[in-house]
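Heads up, the thing below is written out as structure tokens.
Both backbone and side-chain heavy atoms feed into the values below; hydrogens, waters and symmetry mates do not. No experiment lies behind these values; they were computed from the predicted model shown.
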Amino acid sequence: MNWINAVVQGLLLGGLYALFACGLSLLFGVMRIINLAHGDIAVLGAFLVWSITTRANVSPLLGLALALPVMLALGYALQYTVLARSLRGGTLTPLLVTFGLSIVIQNGLLQAYSPDVRSLGGSAGTLSTGSWHLTAQLSIPYLGVLTLATAVLMLGGLQLCLRHTGWGREMRATALDSDTAALVGVPASAVYARATAIAVGVATVAGTFLAVHSTFDPSSGPTQLIFAFEAVVIGGLGSLWGTLTGGIVLGVAQTIGATIDPQYSILAGHLDFLGILASPRGRSLITRSTT
Amino acid sequence: MSKAIPAARALTGRGLSKRFGDLVVLDDVDFSVVAGDAVGIVGPNGAGKTTLLNLLAGSLRPNAGTITLDDQDITTTSPATRCRRGIGRAMQIPRPFAGLTVLENVLVGASYGAGLRGQHAYRHCAEVLDTCGLIELANRRADSLGLLHRKRLELARALATGPRILLLDEIGGGLTDAEAVDLVVTVRKLRERGIGVVWIEHIVHVLVQAVDRLVCMDAGRIIADGDPQAVLSDAVVVDAYLGKAQ
Amino acid sequence: GKLADDGAQATGSTLKIGFVSPRTGPAASFGEPDGYVLSLARKAFAGGLTIGGTRYDLQIIDRDGQSNPQRGAQVANDLINSDGVDLMLATSTPETVNPVSDACEAAGVPCISTVVPWEAWYFGRGAKPEDKQAFKYTYHFCFGVEQFHQAYTHLWPQVPTNKKVGVMWPNDSDGNAIRAALGPLLAKDGYTIVDPGAYTDGTNDFSAQIAKFKAEGVEIFNTFPIPPDFATFWRQAAQQGFRPRIAQIAKTGLFPSQVEALGDIGAGLASAAYWTPTYPYTSALTKVSSKELADGYQNEAGKQWSQQLGPSLALFDVAAAALRAVANPKDRAAVAKAIGTLDVQTPVGRLRWGKGPNGNVVATPILGGQWVRTTGGKYPLDFVLCENSSDPNVPVAAQLKAYGA
Amino acid sequence: MTSTSADVPALWAVRRSSTGTRISSAALLAAGVALFAVPFGFAAGVVQQLTTLFIFMILAVMWNALAGYGGQVSVGQQAYLGSGAYATIFLTQHAVPPYLAVLLAAVASALLAVLLAPLLLRLRGGQFAVGSWVVAETLALLVALDADLGGGTGISLRGLNAYAPNLRRAYTYWITLAILLLLLGLVVYLLRHRMGVALQAIRDDEDAAAALGVRTGPLKFGLFVLAGFGCGAAGALTLANTLFIQPQSIFGVQWTAYMIFMVLVGGIGTFEGPILGAILFFLLQQQFAQYGAGYLIGLGIIAAGFALYLPRGLWSLPADRLHLRLLPVGYHLQRRVARPSARRSDV
Amino acid sequence: MSLLEVEGLSARHGLLNAVREMSFSVADQQVVAIVGANGAGKTTLLRTIAGAHPAAGGTITFDGLDITRMPAHRRVREGIALVPEGRRLFSELTVEENLRVAGRRARPGPWNVGSVLDAFPMLTPLRDRRAANLSGGQQQVTAIARALMTNPRLLIVDEVSLGLSPTAVDTVYAGLGRLRDAGATLILVEQDLRRALSFAGHVLCVLEGRVVLAVPAGDLTREQVTEAYFGLQSSEPR
Ligand SMILES: Nc1ncnc2c1ncn2[C@@H]1O[C@H](COP(=O)(O)OP(=O)(O)OP(=O)(O)O)[C@@H](O)[C@H]1O
Ligand SMILES: Nc1ncnc2c1ncn2[C@@H]1O[C@H](COP(=O)(O)OP(=O)(O)OP(=O)(O)O)[C@@H](O)[C@H]1O
Ligand SMILES: [Mg+2]
Ligand SMILES: [Mg+2]
């Protein structure tokens, strides 16, 4: 029974990782940017949602809905002001830019909001603490299910769009060769801006879920980053379905590891990741081109 | 080139097949080239010419068949080893080392492919660059070259590895007539030095001036092989490749 | 040639005090009230100190350790070598305090530190249990495991339970010290410890531990986590129906914001404090009482008081006493030696070195209490003390109530 | 194509050094050697700060060698920093004298790189980056499990307290400087050797390099192990310099962020850039770190600003304007002067 | 009335002047072949016209509109399409997806996936193949087909017959012929002089970044062109 519970909880945790990884995967897939500021953007989003939620005294989901337009606009602005230029400097330049961005956001938040920890769990009420009790050993939390469902919807929806709509084809084409995309009439910077806006938006969603799940403070961003990166790599760079799988694999590995011994939780996730990289089958899995 | 080349070496592929998924790209192809020989390959787009070269150079593994160099089986050896054993190759789509200069690009081939050191390597590079008409551009970064200079650089790098068998993939496309004549002269010279040349080219009238044997491929098979003029007038070849234009 | 010696030595009439605390990074909330405390100390030192008939100007140089040991060591070294500080103060978490102490010990600069459980400071830096005084230059005052033990064993009997204690002790400095020492002590008092094992900071799922606690029928819960881990755990516990009668948290829940962030499930958590505004003590240096300290901070910063105010100010009380205790405050060895014999009145109580647990450390009390909802105050939660076994001078405000009662 | 003239090699020559590079490299070497005298003439603070600076330089030079010359963009070099530091602790616990332990620890880190290479070097691009990072995190967790190494609590290097403070500082300084000079020397050697161009060729296109006869595996391996050694030494020296380490910080990814900062701000793929970047980073930290969050915000803005407005780094300024090169590491094909005019008429 | 007017156009690569104050014009429905030796600056010129390379000086006027500073994707909407040197297909996309990307923001016109595949029947069996897996010649045809999908008024093709087998060259020229007949204007770089002279109405010879000869194709002998290649003839104003 414990094992079943571990797998179920791992699945739900995987939803959170996948959500975190989604924006990362998108930016990497489309713009080849390894975004070191992703976690901090998520936390920035969480702070915005928190501000709205506590000011207006509304539920975090409504707060998220109100914050999203702002964050999407921020994504657009981010692309046009910073990322667009950095992309011209080769693959490493965006790495430096996003590193810079990361510490600017972190410490900007520290100045603006103080180092206090905050959470959206309180205002989310039963969403954050309620669950369906199936048996004494197995209960399925509302929040986990909502997180997983959101992740499936977002990643799945985005994946389908990328594959099957003109909009998605444009995005993939721009990702592969933005100069040539311009030569067939695709405004590359607008496409990039759209991708960045979506990535920032999804990061905000992820940040909000994290904030309901746990607490956050200005320095919380980087802690979740490595899990998100692992999910992206396990799933195959640039493939959103793969990212979802990657997140879930990681989540389940962690909970199963924890069931064996709590100190193996995170370690089990990492070892699982390295094992996948090392095994020939796993490698063909991740190097397979999935877009 | 400054190396002495032993006589009569041969690169041979027997019963080569290559599939990509369900698509059969090469189907039981026998092909061979002897040192000092120049073979041209023609064939419609997608016939499998580049794939054949990929198998010979080791960039792809065949699904069936064997490749031998001087009677040694090299079917599974890596491209790097084949290069050091004397198989040089110029790619159809040039891939220069963008961050290096033209000279440095060539130097990689000279010092690893041909195993030359120090002044020997430099001298060799200067010769090769001169042969390929790149000497004035030697200190330019390779990513600043136009397409045709990149193609020449492909040739130069392959030459720099001191090959005994040289595999050339469409290095003459886009050349002006005068430039094409130069290229023909160069290839003839290489052949005279005992290098075996395999040259894929669609500009047939240029190609036939340089080769002693012409192979025509279609749909993964060799449909004609022999004296260039005979091959070109073969009805099957005209039908499959040259069309009514010729 | 001759190797250059330590920086600006024994010259001038200015005494320099270095102060290192985490102002940015993950432990930044510890350093938050430092700005206010520093302003109090600077005011108190404004007139300088007269020692042995000589008047010295006093300068406090504060630095941010960025919650990172390498950075902490570097700022300490710079303070020692470039600024030539005569005395070092350090506070809050081993990441900052231990490297600063090590740098001072190695350079022969006296150092006083606090807010690291003393075992993590003493043994973590390589002292052996048999050492009477492992360090010559570095001194510390803080609670240790024994104080937790005392607080818990006086607090928990206030609510009837089955004495089964589920513990979540992480694999980090605090968790390890607690596991090694507190577990056996509690067992001796008849508590059954249910320990699923050490976990790593930053874990995102605690279902395995919760399942175990539920299966074992745990009624008391104790943990020493970083704040986000506890929030994750506590929400999951609620989801999975684990509701102990006493939820005793430490390390997290030190500051009101950490408990507020939990929302409804935060009220009723039991914690322990090393200082509250109700401590009946006054700072020897600044003559500020605990109540004035808290009120002053709340007015100045517009934020609720935090436990950090007490020990941070206490550092300056000790510093002043140490400098006054010698004839020549520029004599580092003498100052260091003097610290080991000090007896100082500070907001956290009277600190007397030499009484144990060893020559470098004064163990200070920690008192058990509970976070309760306020009615109509400015701040939603308040911390009330429920026991005072290790310092009976501090008034007890209430009885512990079962969680959720 | 031009017709081949028989005496091409006589007409053209490859130059690797010029008077300028000869003078500047001699001056650099002299400066490096002169730095050994610093502990005799300068205050303790200077010695200690220079040690920190040299450690930064080691890190920057190693990361640049990996990413700038070898194309291996690692986000996990902190794995070797950590292993170097913890190996030092382990060795001193087993009665090895501290400074010997520092050197052996660097070797141990190189061995760790040898072990990890088969796993990591098969990966490319983003996978390599993330894979190396995960390796570092895994090591941090494993170290935290070992109570003898202090577990998650961290541990102090105690053996050095046996030395007088000024001796300890001077020894640490000398060893750091010696290792820095050794690594710089190795990098220069690599760049002058044919391996230099081969590595850069692998960086630009690994398959094409292999097709030219380059055994890419051993070269990548060698570079990876060298970087393991260098970063391991930096880790051990960091411990000697700061005396206390904790797994989460010594294995922390911020080290990579610093390396990226130094290398990119200085100028990636150049010899001089990373050194310049390390100096800039050090000075910024020295001057402004006391401003806390404001300093970090400034650092972030500087990082982004460089990426946007000077993507080729600080060194590109003098290098482009003055065609400045300090070391004889490139190849330059030059026409030999004073050819008889008869030559030209027969072209 | 000229469709494209190039006035004193310059373009640089760093310090190198690849295009130096070129001036010429292309009339509506004209077919112009540009010839010149390696590195003469042909590619740079074409890319500058299409907006893929910035102009360092001079103006480009398209149908009366100054487009010198217009970004490339807007020029596509005005009706300029370039088949770039080196094909530059979207390698991970299939052939059909490559076409569809170009068709998404196309001007209205006769070309769509169906008609393009009709014009280049060799592409039909390759529809679902990833562009990266095409042979060199197949890529070249796809690149030309892709440019057609934008329904250009001015189609610019760099190295038309590069990598094409003789029959494929015929197909491609037949397709270009249809485009010309439908009223489009063409600028081609073609090294096969015979082809160039027979297909194009005008020839522009480029030498070291300058136009050295611009004449109707019929008036031209191979010798004249060859001389122009090597700069033996003094440059003539157009
Ligand atoms: N990696 C691959 N996956 C799937 N199909 C491939 C792959 N590589 C080549 N092909 C297909 O194999 C066939 C032969 O390709 P190849 O490149 O050998 O042709 P080619 O004769 O060189 O043609 P060209 O003259 O156009 O260069 C083509 O139909 C091509 O699309
Ligand atoms: N990216 C670049 N950076 C620097 N110089 C360049 C770059 N691209 C081209 N050049 C140089 O500009 C000049 C003109 O090049 P361009 O490619 O326009 O000529 P081209 O006539 O198209 O030649 P080709 O026949 O080789 O395609 C050449 O000297 C070339 O080396
Ligand atoms: Mg081919
Ligand atoms: Mg061109």
Turns out that what part of D:Gln286 lies under 4.5 Å from chain C's heavy atoms comes down to side chain
Quiz prompt | D:Tyr171 OH: over 12 foreign heavy atoms closer than 6.0 Å | solution = no
- Got D:Leu116 and D:Tyr80 here, is their nearest side-chain heavy-atom distance under 4.5 Å? yes
Between the OH atom in D:Tyr291 and the CG atom in C:Asp64, the distance rounded to the nearest 0.5 Å is 13.5 Å
Residues C:Lys337 and C:Tyr139: closest non-hydrogen pair is CA-OH, 4.4 Å
Applying a strict 4.5 Å limit to non-hydrogen atoms, the region of C:Arg125 in contact with chain D is both
Turns out that what part of D:Leu145 lies under 4.5 Å from chain C's heavy atoms comes down to both
Per-residue tally against chain C (heavy atom, under 4.5 Å) across D:Ala293, D:Ala147, D:Ser156 peaks at D:Ser156
Bottom line for C:Ala127: the part with an atom under 4.5 Å from chain D's heavy atoms is backbone
| field | Test of ring centre spacing under 6.0 Å for D:Tyr163 and D:Tyr99 | value | yes
Checked D:Ala144, D:Ala37, D:Gly151 vs chain C; the most non-hydrogen pairs under 4.5 Å come from D:Ala144
Max heavy-atom pairs within cutoff under 4.5 Å with chain D, candidates C:Gln70, C:Gln66, C:Arg63, goes to C:Gln70
In terms of heavy-atom pairs under 4.5 Å with chain C, the winner among D:Leu243, D:Leu296, D:Leu157 is D:Leu243
Q. Are the aromatic rings of C:Phe148 and C:Phe224 close, with centres under 6.0 Å apart?
A. yes
Highest number of heavy-atom pairs under 4.5 Å with chain D among C:Gly175, C:Ala106, C:Ala73 belongs to C:Ala106
Between D:Gly45 and C:Asn81 the two heavy atoms that sit nearest each other are CA-CB, 3.1 Å
